[in-house]
Visitor: 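Here's a structure for you.
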Amino acid sequence: MLEHLATQVLELYVQADAAVSRFSAASGLSCPSGCCSCCLSEKVEATTLEMLPLAFHLFRTRQAELVLKRLEKQQGSNRCILFRPERSDADGGACSQYPCRALVCRLFGFAGSNDRNGRPRLAYCRIMKQQAPALSSQLLDNAAVEHLPLFHDFGMAITTLHPHLGTSRRPINLAIREALLKVGLIIELDPPAAKPASTDLPPEKPLGRPSQPRQAA
Ligand code: SF4
Ligand code: SF4
């Protein structure tokens, strides 16, 4: 059941990436090259459900134990455990598991919510706004608004997949840990047969967002 859920989450991620691509093309918005500010935030949150594809991938690639150990060591910091800083630049870095990143990592900067009049409003990323101040409010008057992905829609889609695992948002490291423990238990109880897994996403084939944060090499 968990594996099937992980596959459904990945299918939703494909839709989210496609929605972001459409909005990016219609609006002209994109992240500055190399920006990873959202990954540096300690406020990134996810549900356990969103991290199931990552957990299956980490077990299949024998990285799960290492990540669990790093999570234990990093207790006290909420910065995402998957972020790999650049040695030469304290503010630079990349996502080490880009194809399995959480929903908010896909939507941030390219999604919004309805205002009190039911009109979609982009939730601007601070960095993008600094880069393109001219885009500000006029953006929503043009055709791009029709393509604006809504956080609510994708959040509801996650919750609908599994109301228990897909509702409670928590700091992303806790969500990753929870997903790893759940998948680890399933694998222990029912070791998988040696066959290609539908939830396994090779890191060299990211789902493709027209924006950053970057994926690690
Ligand atoms: S959404 Fe893009 S521009 Fe905004 S902080 Fe993240 S990577 Fe930077
Ligand atoms: S993009 Fe990757 S490193 Fe950045 S917050 Fe999301 S999962 Fe973590």
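Quick note: numbers below take in every heavy atom, side chains included, and nothing from hydrogens, waters or symmetry partners. Both counts, for ligands and for their atoms, begin at 1 and track the order of listing. Treat the numbers as computed from the prediction; the structure is a model and nothing was measured.
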Visitor: Atom CG of Leu68 and atom CG of Leu181: how far apart are they, to the nearest 0.5 Å?
Guide: 6.0 Å
Visitor: Tell me whether Gln74 contacts the main-chain N or O of Arg79 through its side chain, where contact means a donor paired with an acceptor under 3.5 Å.
Guide: yes
Visitor: What part of Cys38, side chain, backbone, both or neither, has a heavy atom within less than 4.0 angstrom of ligand 1?
Guide: both
Visitor: Out of curiosity, does Phe154 fall in the hydrophobic cluster containing Leu150 (side-chain heavy atoms, cut-off under 4.5 Å, transitive links)?
Guide: yes
Visitor: Give, for atom CG of Leu71 and atom CG of Leu180, the distance between the pair rounded to the nearest 0.5 Å.
Guide: 7.0 Å
Visitor: Against Ser96, only a single residue in Gln63, Arg101, Arg84 fulfils side-chain contact (heavy atoms from CB on, under 4.5 Å); can you say which?
Guide: Arg84
Visitor: If I take every N, O or S atom of Cys31, is at least one of them less than 2.8 Å from atom 4 (Fe) of ligand 1?
Guide: no
Visitor: Give, for atom CD1 of Ile172 and atom CE of Met51, the distance between the pair rounded to the nearest 0.5 Å.
Guide: 4.5 Å
Visitor: Under a 4.0 angstrom heavy-atom cut-off, which atoms of ligand 1 come close to Phe108?
Guide: 1 (S)
Visitor: Go through ligand 2 atom by atom and flag the ones less than 4.0 Å from a non-hydrogen atom of Cys105.
Guide: 1 (S), 5 (S), 6 (Fe), 7 (S)
Visitor: At a 4.0 Å threshold, what atoms of ligand 2 neighbour a non-hydrogen atom of Cys80?
Guide: 3 (S), 5 (S), 7 (S), 8 (Fe)
Visitor: Can you list the atoms of ligand 1 that are under 4.0 Å from a heavy atom of Cys125?
Guide: 1 (S), 3 (S), 4 (Fe), 5 (S)
Visitor: Once side chain to side chain donor-acceptor pair (under 3.5 Å) is applied, what residue pairs with a partner in residues 163-180 remain, sequence neighbours excluded?
Guide: Glu50-Arg169, Ser168-Arg170
Visitor: With heavy-atom distances below 4.0 Å as the criterion, list the atoms of ligand 1 near Ser37.
Guide: 5 (S)
Visitor: Under 3.5 Å, is there a donor-acceptor pair between the side chain of Arg106 and the main chain of Leu103?
Guide: no
Visitor: Relative to the heavy atoms of Leu82, which atoms of ligand 2 are at a distance of less than 4.0 Å?
Guide: 3 (S), 7 (S)
Visitor: Any atoms of ligand 1 less than 4.0 Å from a non-hydrogen atom of Pro32? List them with their elements.
Guide: 3 (S)
Visitor: Could you tell me which atoms of ligand 1, counted from 1 in the order shown, lie closer than 4.0 angstrom to a heavy atom of Cys35?
Guide: 3 (S), 5 (S), 7 (S), 8 (Fe)
Visitor: Relative to the heavy atoms of Phe83, which atoms of ligand 2 are at a distance of less than 4.0 Å?
Guide: 3 (S)
